Amino acid sequence: MKTIRVILVAAALAAALPGAAIPSVSWAQHRGPDSLGADWRAQQDQARGGVQSGRLVPLSRVIEMIGRRVPGRVLDAGLEGRNYRVRWATADGRRIDFIVDAETGQIISGG
């Protein structure tokens with residue numbers, strides 16, 4: 001019982017921390033295919049390789065940046081060509097699709 005209580009408290013604390021729910025690029029592997037398309041695994045591998053080589057900004061950093069600008073949560077995120085697409089649910093219930101340059105981290109459209 002004590003272990004369960006510790007796990008529940010830790011989960012509650014993690015959820016309450018700013019940015020705690022921010023997914024990383026590896027987040028997609030736990031979710032399965034999503035609305036970004038059937039080739040999500042190839043996109044993930046491409047993004048991971050780009051981040052490791054220093055060519056691409058980590059998707060987690062992009063999501064953190066969006067979260068600072070627009071309160072809400074990520075719905076989907078992935079690499080599309082040379083850009084990240086981040087589908088975002090705002091705190092007031094709107095949905096925004098952000099297009100972000102994966103090399104510079106600059107928001108191209110959305111918000």
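Given the structure is predicted, the values throughout are model-derived calculations rather than measurements. Sequential numbering from 1 along the given sequence is applied to the chain's residues.
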Tell me every residue that passes side-chain contact (heavy atoms from CB on, under 4.5 Å) with Ile108, counting only those two or more places apart in sequence or in another chain. Asn83, Ile99, Asp101

Contacts of Arg68 meeting side chain to side chain donor-acceptor pair (under 3.5 Å) (sequence neighbours excluded), chain-then-number -> none

The test is side chain to side chain contact (heavy atoms under 4.5 Å, CB included); show your working for Ile96 and Ile66 and say whether it passes. CA-CA 11 Å; Ile96 302 172; Ile66 292 170; over 6 Å; no

To the nearest 0.5 Å, tell me how far Arg95 CZ sits from Asp76 CG. 8.0 Å

Between CD of Glu64 and CG of Leu59, what distance do you get to the nearest 0.5 Å? 10.0 Å

Nearest 0.5 Å please: distance from the CH2 atom of Trp88 over to the CG atom of Leu75. 9.0 Å

Contacts of Arg82 that satisfy side-chain contact (heavy atoms from CB on, under 4.5 Å) - sequence neighbours left out: Glu103

Just so I know, are the side chains of Arg85 and Asp97 near enough to count as touching, which here means a heavy-atom distance under 4.5 Å? yes

Would a 4.5 Å heavy-atom cut-off, applied to side chains only, mark Val62 and Ile107 as touching? no

So which heavy atom on Val51 is nearest to which on Pro58, and how close? CG2-CA, 3.7 Å

Closest heavy-atom pair, Gly105 versus Val57, reported as atoms and distance to 0.1 Å, is N-CG2, 3.7 Å

